[in-house]
Novice: 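Dropping a structure here in structure tokens format, bear with me for questions.
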Amino acid sequence: MTSPEFTDPHAIAHDAADAIRSRLSLASVDMGLVLGSGWSAGIDRLGTVLGRLPLGELPGFSTPVVAGHGGDLVAVALPTGKTAVVLTGRTHLYEGRGVEPVVHGVRTIAALGASTMILTNGCGGLDPSWGPGTVVAISDHINLTGVTPLRGATFIDMSKAWTPSLLEVVERIAPGIPTGVYAQFRGPQYETPAEVRMARIIGADLVGMSTALEAIAAREAGLDLLGLSLVTNHAAGVTDAPLNHAEVIAAGEEAAPRLASLLADITAA
Ligand SMILES: Nc1nc2[nH]c(I)nc2c(=O)[nH]1
């Protein structure tokens, strides 16, 4: 179901963009970043903060409900002279507000005129050798949510959804960084071992509860797209250990300096 404010999701994205421009007096925006679990510590490393707004004050946004999921929009002047808009939190499908709020941040960044979108997340790893703290560049995704942010005959080409040239930039900055296929589940429950085995069989390397729907919206907007996943835990059944949210937060905190450096190098490239 769609909440009334999202009757026209592109219109409310433009409303949010207008509010951001006027409150932060931004001339232009070149790229957007969404920072998932473990990624939000490094904003100051990206460049000079031009301004910060609580997401809940902007049209269509709500205050994220999960600890460690931030809740601000931060404008940053990058060393390259470009401007980035960073969201330190996101809305997840499991919040039950529908699919439009989940991709509203991406649509707002597109409405601000950005040409590149970087999506980051915390996720479960299916490869036993990818322990907590491993960073994986997303090469493709599988949308297992059963929904899409698109309406009508919007037949978006997804054959190169994750921009190859951006993956080449990441490889140049972090040689040998693993790449993988990210599968988005609805959540909020973690997968069963059987669901993890299914994900493996259908080609996934990572499982999460975000990112794929945002990627579809980014491609609909024609944005170049890069995804970076932080493996915070082995997915269910990969090892015998049970999953817990405290482990997720701890893995993010431990990896924070490394993630901050990586993002700073990528956005400065
Ligand atoms: N679906 C899913 N989402 C996640 N998010 C994080 I952090 N870890 C997981 C995980 O193991 N499975």
Side-chain angles (χ1 to χ4, degrees), residues 33-42 64-71 87-97 99 101-103 105 118-148 178-216 227-260 262-263:
L33 291 87
V34 175
L35 301 184
S37 301
W39 290 88
S40 54
V65 297
V66 180
H69 278 203
L87 305 183
T88 67
R90 59 162 45 105
T91 294
H92 290 84
L93 192 60
Y94 55 67
E95 296 175 40
R97 296 180 56 224
V99 66
V102 169
V103 303
I118 302 177
L119 299 173
T120 68
N121 61 55
C123 68
L126 275 57
D127 183 329
S129 69
W130 292 353
T134 304
V135 176
V136 181
I138 297 175
S139 55
D140 202 350
H141 75 250
I142 302 172
N143 174 12
L144 294 177
T145 66
V147 297
T148 173
T179 61
V181 175
Y182 176 101
Q184 179 176 354
F185 284 77
R186 288 184 74 103
Q189 73 285 350
Y190 287 129
E191 297 66 40
T192 64
E195 287 166 339
V196 170
R197 288 195 300 274
M198 172 202 72
R200 198 67 172 147
I201 290 166
I202 64 174
D205 304 294
L206 306 163
V207 290
M209 302 181 196
S210 70
T211 306
L213 295 173
E214 291 151 285
I216 294 169
L228 295 169
S229 287
L230 168 69
V231 174
T232 61
N233 58 276
H234 283 119
V238 170
T239 65
D240 295 336
L243 281 64
N244 67 72
H245 196 61
E247 170 194 83
V248 164
I249 299 295
E253 286 167 354
E254 180 279 325
R258 198 157 34 87
L259 304 184
L262 178 61
L263 269 189

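All ligand and atom numbering here is 1-based and tracks the order in the structure. Reckoned from all heavy atoms, side chains included, excluding hydrogens, waters and symmetry mates. In this text, all values refer to a predicted model and were calculated from it rather than measured experimentally.
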Novice: Give, for atom CE of M209 and atom OH of Y190, the distance between the pair rounded to the nearest 0.5 Å.
Specialist: 5.5 Å
Novice: Could you please provide the protein residues found below 4.0 Å of ligand 1 on a heavy-atom basis, arranged by chain and number?
Specialist: G122, C123, G124, Y190, E191, V207, G208, M209, T232, N233, L243, V248
Novice: With rounding to the nearest 0.5 angstrom, report the CG to OG distance, L263 to S40.
Specialist: 10.5 Å
Novice: Nearest 0.5 Å, please: how far is CD in E254 from CG in L230?
Specialist: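 Separation between the atoms: 8.5 Å.
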Novice: Which heavy atom of C123 sits nearest a heavy atom of S229, and at what distance?
Specialist: SG-CB, 3.7 Å
Novice: Could I get the full list of side chain to side chain donor-acceptor pair (under 3.5 Å) partners for T145, not counting sequence neighbours?
Specialist: N143
Novice: For the NE2 atom of H92 and the CZ atom of R97, what is their distance to the nearest 0.5 Å?
Specialist: 12.5 Å
